[in-house]
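First comes the structure, then the notes that go with it.
FYI, the numbering just counts along the sequence from 1. In what follows, every heavy atom counts, from backbone to side chain, and hydrogens, waters and symmetry copies are set aside.
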Amino acid sequence: MAATAPVPTTVRELLFGVPMLAPPLASFDPLAVPDAPFPLFLDWLRQAVAERVSEPHAMTLATVGEDGCPDLRIVALRDANPGGWTFATGAHSAKGRQLTARPQAALGFHWREQGRQIRLRGPVLRVDAALAAADFRSRPVTSRAANLVGHQSEPLADPALVPAAFAEALARAAADPELVDPEHSLFTVRPTSVEFWQGDPGRGHTRLRYTAGADAWSRELLWP
């Protein structure tokens with residue numbers, strides 16, 4: 001009779017042997033890159049979409065709370081151009097308040113299937129309200145309803161309150177496609193640094209960092 005494998009009793013034992021950066025991974029030549037980071041980001045994003053990377057628009061947003069500690073969550077990239085990377089949130093949500101009080105942030109993309117990461121950090125600007133309203137109206141009705149419910153991150157006394165609040169908001173959103181949540185806001189991170197990280201199974205990762213200068217971006221390779 002074959003011996004039964006021991007059951008892991010610690011996190012270290014549970015994770016030991018779990019593979020990371022399993023090939024095949026994407027390739028990256030850091031010497032054949034554009035002068036600015038956005039064209040390279042767009043190229044990587046197109047590859048991610050073409051290769052069906054899971055949710056390539058999902059990114060980690062890091063802000064700073066009132067207590068000075070960093071705060072993290074996953075948000076969706078709404079748009080990007082050479083001027084910055086844009087996401088949406090409620091102005092009075094936790095992240096909206098944090099960004100208003102301390103308009104600095106970091107973003108992180110992780111495309112596991114390709115072994116790629118992209119890291120950005122820099123000041124944050126709030127986008128014009130008219131563009132935020134247009135973004136709100138472009139969303140599916142269920143997304144608009146979720147925004148109209150509000151109360152994001154507030155304590156919830158009774159889970160039974162959620163279905164009724166969502167149903168009421170859904171009815172409002174469906175009845176008036178032009179209805180806009182006045183708290184819906186767009187924020188744009190205008191990065192001062194952008195790093196492109198290509199993983200390697202042997203840990204010889206390729207890292208390229210762009211840093212914004214007065215008139216142009218500079219580039220440098222980083223040790224793995």
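- Residues V189 and L186 fall into different hydrophobic clusters, defined by Ile, Leu, Val, Met, Phe, Trp and Tyr side chains chained together at heavy-atom separations under 4.5 Å.
- At a threshold of 4.5 Å between side-chain heavy atoms, the hydrophobic network of Ile, Leu, Val, Met, Phe, Trp and Tyr places L120 and L221 in one connected group.
- Legend: ring-ring contact (aromatic ring centres under 6.0 Å, His included) pairs involving residues 120-150, not counting sequence neighbours, sorted by first then second residue: F136-H184.
- Annotation: side chain of L208 is in contact with side chain of Y210 (closest heavy-atom distance under 4.5 Å).
- R203 places a side-chain N or O within 3.5 Å of a backbone atom of P201 that can act as its donor or acceptor partner.
- Rounded to the nearest 0.5 Å, atoms CG (L77) and CH2 (W85) are 9.0 Å apart.
- Rounding to the nearest 0.5 angstrom, the gap separating the CZ atom in R144 from the CZ atom in R137 is 10.0 Å.
- The minimum heavy-atom distance linking Q198 with G115 is given by the pair NE2-O, 3.4 Å.
- By the 4.5 Å heavy-atom criterion applied to side chains, S54 and E113 are counted as neighbours.
- Under a cut-off of 6.0 angstrom, the local environment of CZ in R46 is sparse, with at most 12 non-hydrogen atoms contributed by other residues, nucleotides or ligands.
- A donor-acceptor contact shorter than 3.5 Å links the side chain of R207 to the backbone of W223.
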Sequence neighbours excluded and cut-off under 3.5 Å, please list the side-chain donor-acceptor pairs for residues 27-37, or say none.
residue, atom, partner, partner atom, Å
D29, OD1, L31, N, 3.0
D35, OD1, R219, NH1, 3.3

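- Contact record, A105 with L99: CB-CD2, 4.0 Å, taken as the closest heavy-atom pair.
- Here the options are Q104, Q98, R102, the test is side chain to side chain donor-acceptor pair (under 3.5 Å), and the partner is T63; only Q98 passes.
- Residues W111 and L45 are in side-chain contact: their nearest non-hydrogen atoms beyond the backbone lie under 4.5 Å apart.
- Side chain of E168 to backbone of V149: no donor-acceptor contact under 3.5 angstrom is found.
- For the residue pair Q114 and Q47, no side-chain donor N or O sits within less than 3.5 Å of a side-chain acceptor on the partner.
- Ring geometry for H205 against W197 counts as tilted: the plane angle lies between 30° and 60°, on a 0 to 90° scale.
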Evaluate F196 against V194 for side chain to side chain contact (heavy atoms under 4.5 Å, CB included), listing each step before the verdict. CA-CA 7 Å; F196 294 85; V194 183; 3.6 Å; yes

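- Side-chain atoms of K95 and V75, non-hydrogen and from C-beta on, do get closer than 4.5 Å to each other.
- Summarising the geometry, atom OG1 belonging to T142 is positioned 10.0 Å from atom CG belonging to N147; distances are rounded to the nearest 0.5 Å.
- Sparse packing is recorded around CG of D215, with 12 or fewer heavy atoms of other residues, nucleotides or ligands lying under 6.0 Å away.
- Using modelled atom types and a 3.5 Å distance limit, the side chains of T188 and T86 yield a donor-acceptor pair.
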Exercise for the section: Apply side-chain hydrogen bond (donor to acceptor under 3.5 Å, both in side chains) to the pair S185 and R126, showing each step before the final yes or no. Expected result: CA-CA 7 Å; S185 303; R126 188 168 174 177; 2.8 Å; yes

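- Here the shortest heavy-atom pairing between V49 and P56 reads CG2-CG, 4.0 Å.
- Counting only heavy atoms from C-beta outward, the side chains of E55 and I74 never approach each other to under 4.5 Å.
- Within 6.0 Å of atom CZ in R139, more than 12 heavy atoms from other residues, nucleotides or ligands are found, so the atom counts as buried in its surroundings.
- Listed by first and then second residue, the salt bridge (charged side-chain N to carboxylate O under 4.0 Å, His left out) pairs that reach into residues 68-92 are D71-R73, R78-D135, sequence neighbours excluded.
- Expressed to the nearest 0.5 Å, how far CD of E195 lies from CD of E220 amounts to 9.5 Å.
- Once rounded to the nearest 0.5 Å, the distance linking CG of L61 with CG of L72 reads 8.0 Å.
- Here the closest non-hydrogen pair linking D200 and G202 is OD2-N, 2.8 Å.
- In this structure the side chain of R209 reaches within 4.5 angstrom of the side chain of T211, judged on heavy atoms.
- Taking CG from L161 and CZ from F166, the interatomic distance works out to 15.0 Å, rounded to the nearest 0.5 Å.
- Nearest heavy atoms, Q117 versus H110: CG-CD2, 4.0 Å.
- With a 4.5 Å cut-off on side-chain heavy atoms, L125 and R190 count as touching.
- Here the two rings, on F109 and W44, have centers that are 6.0 Å apart or farther.
- Both W217 and I118 belong to a common hydrophobic cluster when Ile, Leu, Val, Met, Phe, Trp and Tyr are linked at side-chain heavy-atom distances under 4.5 angstrom.
- Nearest heavy atoms, P159 versus P163: O-CD, 3.4 Å.
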